[in-house]
Every structure is written in C-alpha cells, then in structure tokens.
Protein chains: 2
Amino acid sequence: MVNHTSSLNKSLKASPQQDKKSVTVHDVARVAGVSKSTVSLVLRGSEKASTKAKDKVLKAIEETGYVYNRDAAAMRSKSSDLVAIVINDLTNPYSAKLAVALEKHVRQLGLMATLVNTSEDVETQTQIVAKLKEYRVKAFIICPAPNTEAQWLEELQTMQTQVVSIMRQVSGSTIPCVLPDNEKGVYTATKALIKRGHKQIAFIGGDDAISDYHQRLLGFNNAINEHPDVSSWVFNSATNRQGGRLAMSMCLEKVPSIESVMCFNDIVAYGVMEYLAEQNIKPGSDIGVIGFDDLDDSKLMSVPLSTVKIDADDIAKAVCEILKGDKPESLKQVPVSLIERSS
Amino acid sequence: MVNHTSSLNKSLKASPQQDKKSVTVHDVARVAGVSKSTVSLVLRGSEKASTKAKDKVLKAIEETGYVYNRDAAAMRSKSSDLVAIVINDLTNPYSAKLAVALEKHVRQLGLMATLVNTSEDVETQTQIVAKLKEYRVKAFIICPAPNTEAQWLEELQTMQTQVVSIMRQVSGSTIPCVLPDNEKGVYTATKALIKRGHKQIAFIGGDDAISDYHQRLLGFNNAINEHPDVSSWVFNSATNRQGGRLAMSMCLEKVPSIESVMCFNDIVAYGVMEYLAEQNIKPGSDIGVIGFDDLDDSKLMSVPLSTVKIDADDIAKAVCEILKGDKPESLKQVPVSLIERSS
DNA sequence: AAACAAAAATGGAACGTTCCAATTTTAATT
DNA sequence: AATTAAAATTGGAACGTTCCATTTTTGTTT
C-alpha cells in the first residue's frame, strides 16, 4: 500500500527490513483507544461490546490493515473452524461436483472448507488425514478410499472432531454416514424399463469391490424379481467409459435380443451409448439405457440420457445437518429421483 | 475404543469429562526423560539431537499418542507449511486434473496443500482468499477468476506469502505466472491439419472473455497465414459440449466444404464429434478434428481424439520450481505436445 | 443525590510451540 | 590428566489470541 519513495536516498545495499512486525490486537486497541480485550470481543462479534466501541475498533482495523491470526486464536481457544473434505477421486466428475457442493454448504455454515484428494489410495488417505489432525480440524467429511479400516475411521472421531462419511459405507463402523438411496434409485429406474414393456434387461458396469455396487444391484434384482416374465443379466466392468463400451459389446454378443440396460453410473452409460451409436443402434428407441448420477453432460448428449439423479446439494445439506448436530442418526439415505429423457 | 460399561452404575446424568487435557511436548519430554526443547528439536528433524535422544522421544511420542500442534508451532515460528490451491472451476475436468497434480507435487515438497474452489466468481474468490490469509498460508497457487484485479493479486504477495498464478494471465500484474504454450500448441496442430492437405479450416469454440483464447487463436492465425492457399473461419461458442455442437452446426451450414476444425479445447471437440456423428460424418476421415487439453476420455472415444496435450504434471512442476525459489522469471511457458490420434 | 444493579471494559494469565542464550556433556588434543 | 573445542541439552521468554476475574462505567430506582 505504502510506497517508500525515499528508498533511493539511503543505504541502497541494505535490504529492506524483512517485516517490521505484524499488526496485532494490541495495535488495533491502541489506535482505537480501547483495550485488546475489547478488540477481541468485537472480532468475535460479541454482544458485550458497545456500538461505540465496535465502531472505533472497526475503524482502527481498517486503518491498520489488521489481519486476524487464526493460529493464535485456535491455539488459545482450542477450537477451529476448519472442515476437511476428503475426496476419494476428484477427477471423477461426480466426486468433483459433490466436493464443490460440500464446500459451498460448509462455507454457508460459517466454517472454512479445505479440500483434499486421496486418489482412492488408503495410504495417501492415512497420511493426509494425519497431517490434518495436526491442524486440529473441527470435522472430517470423508468419502473413504477402498480398504479403509473401520477402526481407523472410528478413532478419527474425538471429543473435538466430528466425522461424517459420505457415499460409501465402511462396514463395522458406527460413524454417521450419508448415502444416496442407491437401492431405491435403481429399483425405480428398472421398474420404468419394465413398464416400457421390456422383457430382457441387463445391469451393466461396476463390480464387487465398490461398496455401492451391492445396493444398486439389489435394487435391480428386486425390481426384476417382481416380474417373473422378465429375464435379466449382469455384466461387470470398470466404471469408466471404456468399461461401458466393453460390457455393452459383451452383452450384445451374449444376448442379441437385449431390450434395455440399467447402467451402474452415467459414465458407464456414456460408454454404452457410444458403442451403440457405432453399431447403428439408437439408444432409447432400439435399446433403453438408464444411467446413475445425472452428470451435467447427460442432458446435453445427442441422445439425452435418462438417469437416476443424486442431488449433490441434498447430500451436502444432509452432511451439514449432522455437523450442526441436528441429526444424531448414524445412517442418512438421501432420496434420489429418476429423470426420464430420450434414452 | 474404551467402552464405559460402568456408566450404568454411577451418576447417569453427569456427562463424561469433556476432554482431560491434550498431550503436549511437555508430556512427551517427561516420559522420554528429556527437556521439551529436545522434543521440539526431534519433532522438527533437527540434526542437533543425538540418536539416543531421538529414539527416546520417538518412543515417548508413540507411547503418549502425542499429536503435533501446528497452530502453536505456526504462531510461535511465524511460518506455515500450508499452500492454498485456488481453482476457478473444479467441475471442469481439466481443472480437476490440474488440481490433483498440483496437490500431489506440493505434498512432495513436504508442504500441505489445501484446495478451494471459486466457481469462476471473483466475489467468492475474494472472500475465500481473505479467509486463507487469516490462516497465514505460505503460498497461493491461483487460477484467477475472470475480472480479477491486478492490484488485488499484487497485494496478495507479501514478504511471507508467495503467489503464483496459473493457466491465466492477469494483465498488469507482475506475479509469476505458469501457462501452457497455447500459441505454439495451436500453431503446431493447425500446421498438422494443413499438412494433411486441408485447405478449408475453422477454429471453433471459446470467445474473447477467456484469457487464453487470444493466444490460441493467434497460433491458429499464424499457421494459416503461412499458407496463402488455405482459407480459414472462426466460430465462437461456449466452451462446453453444447457449444461445440452448436458451433459445428453453424460451421457446416456456412462452409459445407469445411475440411477440418481446430477446437478451443477437448470438451468443445467432444461436442463437435458428437454432432458430426449424428450427421454421419466421420471425424478424421471426412473432417479433421483436433482438441486441446488431452483429457483422459479423449483417447477412449469411439474415434480417439487428436489433441494438444497440456501435461498437468509439467505445470505443477513449474509451479513448484517457483515455490522453491529456483525460477525468478515472471512468466513460464510450459511446452505442450501434439498427440495425433484418429480424428 | 445516594444506592444499587447491569452493562461494558479491562489487565494478566494461559494456550503449546519455537527461539535464544546459557549450560552441560562429550570428544579430541596436548 | 588437563585443556579446549564442539556437540548436545536446557529453561525461560515470546508468539497473538482468548478466557477469566475484577474494575469501571452506565443507567435505574429510591
């Protein structure tokens, strides 16, 4: 802000004083003509400070360019407003969307969100979380990497640290958990396919290693089992575009008369639709395709994708409810909704 | 861990003691039989502590379950190991990829990375960064939101806070900046299209509001201008899938004889290819398509996309070089490479 | 105007670490 | 064994805030 035009005059070789001294509550107090305690009160928005004092302090803060020191505050008060959002894979479009929603909602709670990415690696997860503990974060919102141990998760929770797990359930853990209603979502979507009159339906994508796979497959089977005249198949695959392509080609080879496919998620569905397009099979009219997630791209595709929508805001809201201590329940299933488009 | 089975016996109403007392260096020192100063030395990996002392302290840490308190350390030492990575839009696949790479490299530097997302909103950016200042972060790695003021960015840089801007250049600012070589990338790609013998080439996607648009378009025009027999067109659009579709349809309408298109980025190219597929035009053999970014999906598409690759690791490395203080230069152009696939 | 209660303001201690100057221990040399 | 230098260790002060018990100010009632 201040330009030292006089620096040319004296001692050119002497480097400028590294940093005189940072501005503290004491300085603000002096300028405002009050005590440091009063400044502290104002900083924290206490009711106990008079309007007059508040004005003086606010003006002094402006004047001095004071910046609140959270390290000092956190140390003395032994409390932090940092919330760590630990994401399994930020390069996954749905994870990124969820991370952004979580960050926004945490911020609306008046807390500071810090995002970290584990790349689905437990080792990395352990390291990062250990470091975050040193920063005394107030809460962990964590989408656990595969092979996360229940005990580890359990011990993360302390008197001063809240833990909420999202999207994935670590079996054996009692940590509060927020999940989309995977089972009902796939159930509803599968029923919709059956209602179209389809009698040959496949579930495509994903595999046992993924914790939500079971729930989604269960929803599929439940729907199928209600209709004895409907036949079903299951084709596992990697949960990416390529996986969807491969699984769809296998499916067509094995069941050429297939009428529709329920996909593990949107990304797999993209692969499926791509493959179908190459075979000159029209998604929707020739073979029904439904995804899961409702990524932003899904409605923009050449054949807009029908899908089960997980509202990231709903998940974030549910997490924040728990952070606020409103919901002590340990498992919150967030409702999902079927979005029927052209596929 | 500990189950208070005895809680049924005594005083049901008395809630358990909130938290006895956290373990500090003093406790570790007492258990290890050394002074707190020695413990501090060991904690910071100092050479000055004897191996014997180190062993004793390490054992005591294990025994007591001590957790380093970074708030206290940061306050006393007036230095932090927190690096803030401020991303403009985490839901953009390339941004997410870059964020992950940056986080990884920052961590390899022995620093703690914290990721925040501004959703391309200057207001949000201002708020978040102000909050991060209160945490005394050591450095900001920032992809500036549109309309970021040069002065604001400039003032972010202080004696104790480094600032590096990435991907976007804020004009009027002297903050060190790491960019992909947009101009050369598009130039090289366009030359490759010309070498295929194409004489009718369009640049598709993006618009003036995006800072790197100029550089890419400049590369395009430079290549075109070297060949008087080649005609060119420019079609602006939103930088998403839908934008690509729209721009391509306009292009085909206006220039039915178009031979190839250079796209602003991969996402736009996806839209282009989707539209071409619908028109039964084969990307690559009928109309050449080149993207920019090299997203993971690009090589997996039904017609693998030719593109200019920006290696996220290269960007991250360049940023870290600056953080380490190795490169005082204010503008680092990271080389990009043309990846020729089928399109 | 005196008496009192409520509100506002205050100074010192404390949080857990690192820095520093001083002391103790160890090793090397005579 | 005495001397000296180097290495290792140490206790107290300091970082900038919040907490707490106390004091001062304000406002109300008698």
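In what follows, chains are A, B, ... by sequence order, proteins preceding strands, each numbered from 1. Just the heavy atoms: all of them, side chains too, but no hydrogens, waters or symmetry mates, feed the values below.
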Chemist: Can a donor-acceptor pair be found between the side chains of B/Glu155 and B/Gln151 at a distance below 3.5 Å?
Modeler: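 There is such a pair between these side chains.
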Chemist: Does B/Glu63 use its side chain to pair, donor to acceptor, with the backbone of B/Val31 at less than 3.5 Å?
Modeler: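 Between the backbone of B/Val31 and the side chain of B/Glu63 there is no qualifying donor-acceptor contact (under 3.5 Å).
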Chemist: Using a strict 4.0 Å threshold on nitrogen-to-oxygen distance, state whether A/Asp55 and A/Lys52 make a salt bridge.
Modeler: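 So A/Asp55 does not pair with A/Lys52 through a salt bridge.
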Chemist: Hey, can you pull the residues of residues 60-72 of chain A with a non-hydrogen atom under 4.0 angstrom from DNA chain D?
Modeler: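 Contacting residues: A/Tyr66, A/Tyr68, A/Asn69, A/Ala72.
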Chemist: Any ion pair linking A/Lys317 and A/Glu321 (charged N to carboxylate O, less than 4.0 Å)?
Modeler: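 Result for this pair is no, no salt bridge flagged.
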Chemist: Where each residue is assigned the nucleotide of DNA chain D containing its nearest heavy atom, which of B/Ser35 and A/Lys36 is assigned the position nearer the 5′ end?
Modeler: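 Upstream on the strand: B/Ser35.
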Chemist: Take B/Leu43 and B/Val28 through the test side-chain contact (heavy atoms from CB on, under 4.5 Å) and record every step on the way to the result.
Modeler: CA-CA 11 Å; B/Leu43 284 173; B/Val28 175; over 6 Å; no
Chemist: Going by distance alone, is a donor N or O of one side chain under 3.5 Å from an acceptor N or O of the other, for A/Gln160 and A/Ser79?
Modeler: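 Not at all, the side chains of A/Gln160 and A/Ser79 share no donor-acceptor pair under 3.5 Å.
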Chemist: A side-chain contact here means heavy atoms from C-beta on lying under 4.5 Å apart; do B/Thr174 and B/Ser330 qualify?
Modeler: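 No - every pair of side-chain heavy atoms lies 4.5 Å or more apart.
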Chemist: Name the first nucleotide and the last nucleotide along DNA chain C (5' to 3') that come under 4.0 Å of a heavy atom in chain B.
Modeler: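 Contacts span C/dC15 to C/dC19, reading 5' to 3'.
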Chemist: On DNA chain D, nearest-nucleotide positions of B/Gly33 versus A/Ser77: which is more 5'?
Modeler: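 Closer to the 5' end of DNA chain D: B/Gly33.
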Chemist: Thinking salt bridges, do B/Glu62 and B/Lys59 make one under a 4.0 Å N-O criterion?
Modeler: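 Between B/Lys59 and B/Glu62 there is no salt bridge, as every charged N stays at least 4.0 Å from the carboxylate O atoms.
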Chemist: Verify the distance criterion only: is there a donor paired with an acceptor across the side chains of B/Ser35 and B/Thr38 at less than 3.5 Å?
Modeler: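 Yes, a side-chain donor-acceptor pair sits under 3.5 Å.
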Chemist: Between A/Leu111 and A/Lys138, is the side-chain contact (heavy atoms from CB on, under 4.5 Å) condition met? List the steps.
Modeler: CA-CA 9 Å; A/Leu111 302 169; A/Lys138 184 198 191 69; 4.0 Å; yes
Chemist: Heavy atom of residues 43-56 of chain A under 4.0 Å from DNA chain D: which residues?
Modeler: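 Nucleic-acid contacts, sorted: A/Arg44.
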Chemist: NA contact type, B/Thr24, heavy-atom cut-off 4.0 Å: base, sugar-phosphate, or nothing?
Modeler: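 Sugar-phosphate, no base atom in range.
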